[in-house]
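As C-alpha cells, the structure follows; a few thoughts come after it.
Source: prediction; values computed, not measured. What you see below is based on every heavy atom in this structure, not just the backbone, and it leaves out hydrogens, waters and symmetry mates.
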Amino acid sequence: MSAPKRIGKSTVQFSNPPVIVATASVVGPKEGEGPLGKTFDMVTQDSYFGQESWEKAERKMLEEAVKMVINKARLKPQDIDVFLAGDLLNQTISANYAARTLGIPFLGLYGACSTMYESMAIASMIIDGGFAHHVVTAVSSHYDTAERQYRFPTEQGVQRPQTAQWTVSGAAAVLLAPAGNGPRITHATIGKVVDAGIKDPNDMGSAMAPAAVDTIVRNFQDTGRSPVDYDLIVTGDLGKVGHTIATKLLQQQQYDVSNNYNDCGIMIYDHERQDTHAGGSGCACSGVVFAGHLMGQFNNGKIKRMLGVGTGALLSPTAIQQGESIPGIGHGVVIEML
Amino acid sequence: MANNKQQGPPKKPLTLTEQVMQQKQAYDQKAYKQLADSVKPKNNVLVNAINAFWVGGTISAIGQIITLMFTANGLPPKDAASATVIVMVFLGTFLTGLGVYDRIGKMAGAGSIIPITGFANSIVSPAMEYKREGFVFGVAAKMFSIAGPVLVYGFIISVVIGLIAYLIS
Amino acid sequence: MSVVMAFIIGGLICLVGQLIMDLTPYNVTPAHILVGFVTGGAVLSALGIYGPLVKIGGAGATIPISGFGHTLAQGTLEAVQSQGLLGAFTGGVTAGAAGVAAAVIFGYVIAVLFNPQG
C-alpha cells in the first residue's frame, strides 16, 4: 500500500489540483471599515445582523456566505456533494445549524482559527480522490460570541493588553471543483500540534507562531521550495506579535521571508485607528481575507502562487484554568494560478 | 522526538505523554518565552497608572459629594455611607446598561474595577449578556460569576475575623 | 476639602490595584482584583489600619471595594461585642446588606431592561 500523492514527510501533492471556482465573504461593520473593506461581498449593518443574539447572527453570516458562493458558481445546494465547515463556538454550533438550514451532506470540523485552511486541504483531498464533484468549505467567527465564550462579557470594563487580538466578525465560503476557472490547490501540508508553553489567553500570536513556522518549514522541505518560490506566504491570524516571532524563527532556520510574508490578522484592520492592538483573529480572519482580498489578487494577476497557513490556537478556557498551556496548529495550503 | 530505537535496551521507550512533555520542554529550552517576551509590545505602565489614579479618584470624589449631600439633608454619617453605596451601585449598573462602563474600563483599568461601581459592572455585564439563556440559568445564575467569589471570600473573611475577635475577648 | 481627600485616597487605592495588574507576571483578572481587595480591606480593617484611612479619605476609602471589606469586618467586630459568637456569623452579612441588595436589585433590573451592545 503506497500513497502516491504524498511527497516528502508530510505534504500532499494533488495529481489533478482542485479549482477554487468561487469564494464569498460576509463581514461585520468593523471589518467593513478596515483597509480591505471593499474586497468583501457583504458588510452587515451591525453586529446583530437582524438576529436576536450574536450566536444567531454568526450562524446567519455563515449561511449567507454559503448561499452566495453557490450562487456565484451558478449552482444549487443540491449540486454540492459535501459541505465542510467549522467555527469557534462550543460544539461548533454555527456550522451545525447552518448545515441544518442548507441540507447538504456535512462534515463538521474544528481547527480553531485554522479551520479555513484545514477545510480547504480536506476538500481538495476529497475532490482529488474522486469522492466528490463540488465541495463547499466555510467558516465563521464573531467578536462578541468569541469574547464571551473565551474571555469576558463584552460590557465588562476590562483592559485589553497590547498583545490581545480582535476576533473578526464574519464568514467565508469557498467552492471547490475538479475543473473550472480559478486558482488551484496544488499541495497541502497538514499541521502538527505544537505547544510552546504559552499560557496567556491574551497572547495567541506567540502561542501559534511555532506551529505556523513548523508547517512552513516542512512545506519547504517536502516540496524542495524556498521562500522566493512563493509570491506570498501568508499566515492566518498571528497578528503583529506572532508575525514578528515567526519571521525571527524562520530566520533562525535560514529562511528569509522578510519580503513576501504577511499575516491576515495584520492586513484586515487599521490597528491605530481601529484600536485592535496586535491584530485580527478568528476563523473568519484568514477566511474572509482569502475569499475577498487574496482571491482578488489572484484574479488580477498580482499573485500567481501562494502558501497560505491557517493558524489556530487550540485554546480552552477550562484547560487554561487547570493550568494547561495553549497548543497551536497551522495547516498549509499551496494555491497557484496554473 | 522519540529516538528510542538507537538508544539500546536499558532505556525504556518513552510513553506518548513523555514525548509530548519533551517536545514542550524543547521549546522552553529554546528560550522561546524569552523571544516572545522580547517581541511583545509592553503595556504602558505609567499611562495606565495615571489613568487608574484619576478615574478611581474621580469616582471616589463623586461618592464623597453624594455623601455630603446626604449628610447635609440630615442623614447620620453611617446611613449616609450606606445610601452613597446604593447610589454608586446604581450608577455603575446604569452606565453598564448604556454601554459606557466598558469604555471607561478599557482606559482606566483598575481605576474603574476597584470602586463599587466596578463591582456593579461585574454583576450587570454577565447578567445582560446571558439573558438569551433565560432568566434563571442566564441572568440570575451568571450574575454572580464574578460577584459570587467576591461575596464568598468577603463573608468568609468577616466570619474568620469575628471568630478571632470572639476568642481573643 | 473632603472631596479632594477622597479623590487622592480613592485614586491611590486604584493605583495600587493597577500596579498589581501591570507589574505581576500573572494573568490578574478583575475577579482576582475584586476578591483580593475585599479580603485585603477586611484584614486591614480588623488590624485597625483601614479605619483611619476612612477618617482621612471618606468616600475615597469606602467607595473602593476594599471599603466593602472594611464594612464587613467592622460589622462583625461590633456584632461580636454585642452578641458574642452569634455576631461573628451575622455581623458581616448584616453590615454588607445594603451594598449586596442594591447590587442584586439594580443588576437584575438593568440586565432585564438593556441589551449588550458589544
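- Contact annotation: the side chain of C:I65 never approaches that of B:P115 to less than 4.5 Å [non-hydrogen atoms, C-beta and beyond].
- When heavy atoms are compared at a cutoff of 4.5 Å, B:L163 approaches chain C by way of both its backbone and its side chain.
- Heavy atoms closer than 4.5 Å to chain B are found in both the backbone and the side chain of C:V43.
- Relative ring orientation between B:F135 and C:Y108 is described as tilted, the plane-to-plane angle lying within the 30° to 60° band.
- Chosen from C:G36, C:G60, C:A73, the residue pairing most often with chain B at heavy-atom distances under 4.5 Å is C:G60.
- Of the atoms belonging to B:Y130, not a single heavy atom falls under 4.5 Å from chain C.
- Looking only at side-chain heavy atoms (C-beta outward), C:I9 and B:S60 stay at 4.5 Å or farther from each other.
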>> Apply side chain to side chain contact (heavy atoms under 4.5 Å, CB included) to residues C:L34 and B:S122 and explain how you reach the verdict.
In response: CA-CA 10 Å; C:L34 288 171; B:S122 80; 4.0 Å; yes
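- With a 4.5 Å cut-off on non-hydrogen atoms, B:V159 touches chain C through its backbone and its side chain both.
- Only the backbone of B:A108 comes within contact range of chain C, with at least one heavy atom under 4.5 Å from a heavy atom of that chain.
- Proximity to chain C is limited to the side chain of B:T67, based on heavy atoms less than 4.5 angstrom apart.
- Neither the backbone nor the side chain of B:A81 comes within less than 4.5 Å of any heavy atom of chain C.
- Only the side chain of B:I157 comes within less than 4.5 Å of a heavy atom in chain C; its backbone stays farther off.
- B:K131 contributes no side-chain N or O that, together with a main-chain N or O of C:L113, makes up a donor-acceptor pair within less than 3.5 Å.
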>> Please evaluate residues C:Q18 and B:I113 with respect to the criterion side chain to side chain contact (heavy atoms under 4.5 Å, CB included), reporting the C-alpha separation (whole Å), side-chain torsions for both, the decisive distance (0.1 Å), and the verdict.
In response: CA-CA 9 Å; C:Q18 186 67 34; B:I113 293 170; over 6 Å; no
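- Ranked by non-hydrogen atom pairs under 4.5 Å with chain C, the options B:I50, B:I65, B:I161, B:V85 are led by B:I161.
- Proximity to chain C (any heavy atom under 4.5 Å) is shown, for B:L167, by neither the backbone nor the side chain.
- Only the side chain of B:L151 has a heavy atom closer than 4.5 Å to any heavy atom of chain C.
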>> For B:F53 and C:F7: C-alpha separation, side-chain torsions, deciding distance, then whether side chain to side chain contact (heavy atoms under 4.5 Å, CB included) applies.
In response: CA-CA 9 Å; B:F53 178 78; C:F7 179 85; 3.8 Å; yes
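- In this structure, the portion of C:L77 lying under 4.5 Å from any heavy atom of chain B is its side chain and not its backbone.
- The part of C:E78 that comes within reach of chain B is its side chain, from C-beta onward, which places non-hydrogen atoms under 4.5 angstrom from that chain.
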>> The test is side chain to side chain contact (heavy atoms under 4.5 Å, CB included); show your working for C:F114 and B:F94 and say whether it passes.
In response: CA-CA 9 Å; C:F114 289 86; B:F94 189 62; 3.9 Å; yes
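- Heavy atoms closer than 4.5 Å to chain C are found nowhere in B:A120, neither backbone nor side chain.
- C:V38 has its side chain out of reach of B:Y153: every pair of non-hydrogen atoms, C-beta onward, lies at least 4.5 Å apart.
- For C:V104, the parts sitting under 4.5 Å from any heavy atom of chain B are the backbone and the side chain alike.
- The shortest distance between side-chain heavy atoms of C:I63 and B:T84 falls below 4.5 Å.
- Residue C:V4: no heavy atom, backbone or side chain, is found under 4.5 Å from chain B.
- Interface residue C:L19: only side-chain heavy atoms are found under 4.5 Å from chain B.
- C:V80 touches chain B through its side chain: at least one heavy atom from C-beta onward sits under 4.5 Å away, while N, CA, C and O do not.
- Contact between B:G99 and C:Q117 at its shortest, heavy atoms only, is CA-OE1, 4.0 Å.
- With respect to B:V150, the side chain to side chain contact (heavy atoms under 4.5 Å, CB included) criterion is satisfied by exactly one of C:V100, C:V35, C:T39, C:I33: C:V35.
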